[in-house]
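Notes follow once the structure below has been shown.
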Amino acid sequence: MPIRSLYALALAVVLALASAARLGAQGPDTAAFHRAAAYSKAERGDAVLVMVNGQVVYEAYHGRGKMDQPHVLHSGTKSFVGVLAIAAQEDGLLALDERVSATLTEWQRDPGKRAISIRQLLSLTSGLEGGKSGRPSSYAAAITAPTVAGVDEQFVYGPNAFQSFGELLERKLAARNETVAAYLKRRILDPIGITTGDWPGTELGEPQLPSGAELTAREWAKFGEFIRRGGAANGRQVISGELLAELFEGTKANPAYGLTWWLNVPVSKELEAEVRLLAMNFKGVDEVPGLEGMVVAAGAFKQRLYVIPTHRMVVVRFGRSSNRQFDDATFLRLVTGVEVTAAKRKRFWQWRPW
């Protein structure tokens, strides 16, 4: 494991122990959760669920939200892809640093694609054209997308990288006579105990990997708890914790994004201006105290899965918020019980990115 991963893991353990002591003495702050849910509701929220140490301690449903009704995750779906890639590496199907063109042999004829690794593909630093968000191409069509930048030069967000990974994994699994949908279910969803309300493309064996999955808040929280526990679920190690840690290493092109997960690290104003999603979604989150090591799965209309190891906490938020509604920093201050001074309240509650 890289030195910085070991450092981050050690820091998370120390902070988690300190948080555990506080929680043990005081118990979960239900009043804080209620304030966070009220804020979410006011910004067209549908649900807020808080899990602490593997137990659901708070949940509230508003608008179209219901406990037993799956909600579309939009790009929150992407976070499953990194875990799927790690599982495939653990199973000997691939290596993150192998060239995609070793499997997608048609890429060998393209100078822009020839050297792209799986790691670069899923960290969105391959230079592959992003594609139209919300309407992903098929696996076969995605791999025909051109490159728009050199490898490791830019962070290029969009569905093509994930659907291209789907095509790669489909070819890898062909020798085992298994589809991507079957592998996802057998290797990830079933061991964690997740049942899907819907996953577009599954009936064809090609689940849409960048968007579209639907889960209940409790099911998505199970996935978050699996991440918080380092790849363990239901009394067994589903994925190697050491391999899982590789998902949370940022890149030079975007230190705030690992392999399919958003990371809580500060970025420059220049990068914030370049990567629209950073300003639109996560501006100011790195300034909220007590969130060291937090990772986030995020989708359009402010779908959120926050994994906060320092608080032993997993938080799900569903909604239909526009880009001018729902500020992550405000919500996280409320749900973690951080006091908001008058000056900070004005800053966070009135801030709008556009």
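Atom CZ of Arg135 has 12 or fewer heavy atoms from other residues, nucleotides or ligands within 6.0 Å. Open room surrounds CZ on Arg64; 12 or fewer heavy atoms of other groups in view lie less than 6.0 Å from it.
Taking the six-membered ring for Trp, Phe318 and Phe301 have ring centres at least 6.0 Å apart.
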Can you give each donor-acceptor pair under 3.5 Å made by side-chain atoms of residues 198-208, sequence neighbours left out, with the distance rounded to 0.1 Å?
residue: Trp199; atom: NE1; partner: Gln208; partner atom: O; Å: 2.9
residue: Thr202; atom: OG1; partner: Trp199; partner atom: O; Å: 2.6

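Shown here are the salt bridge (Lys or Arg N to Asp or Glu O under 4.0 Å) partners of Asp152, two or more places apart in sequence or in another chain: there are none. Partners of Glu225 under the salt bridge (Lys or Arg N to Asp or Glu O under 4.0 Å) rule, at least two apart in sequence or in another chain, are Arg228.
When every heavy atom of Leu169 is checked against every heavy atom of Ala88, the shortest pair comes out as CD1-CB, 4.1 Å.
A donor and an acceptor atom, one from each side chain of Asp327 and Tyr39, are nowhere located under 3.5 Å apart.
Between the side chain of Gln154 and the backbone N or O of Gly127, no donor-acceptor pair lies under 3.5 Å. Looking at Arg99, its side chain never comes within 3.5 Å of a backbone N or O of Ile116 through a donor-acceptor pair. Of the possible donor and acceptor atoms, none in the side chain of Lys172 sits under 3.5 Å from a partner among the backbone N and O of Leu94. No donor-acceptor pair closer than 3.5 Å links the side chain of Glu178 to the backbone N or O of Leu173.
Looking only at side-chain heavy atoms (C-beta outward), Leu291 and Tyr306 stay at 4.5 Å or farther from each other. Between Val307 and Phe226, every side-chain heavy-atom pair lies at or beyond the 4.5 Å cut-off. Between Pro255 and Leu271, some side-chain heavy-atom pair lies under the 4.5 Å cut-off.
Between Arg304 and Glu43, no side-chain nitrogen of the basic residue sits less than 4.0 Å from a carboxylate oxygen of the acidic one, so the salt-bridge criterion is not met.
The hydrophobic cluster containing Leu49 also contains Ile192, counting ILVMFWY residues as joined when their side-chain heavy atoms lie under 4.5 angstrom apart, directly or transitively.
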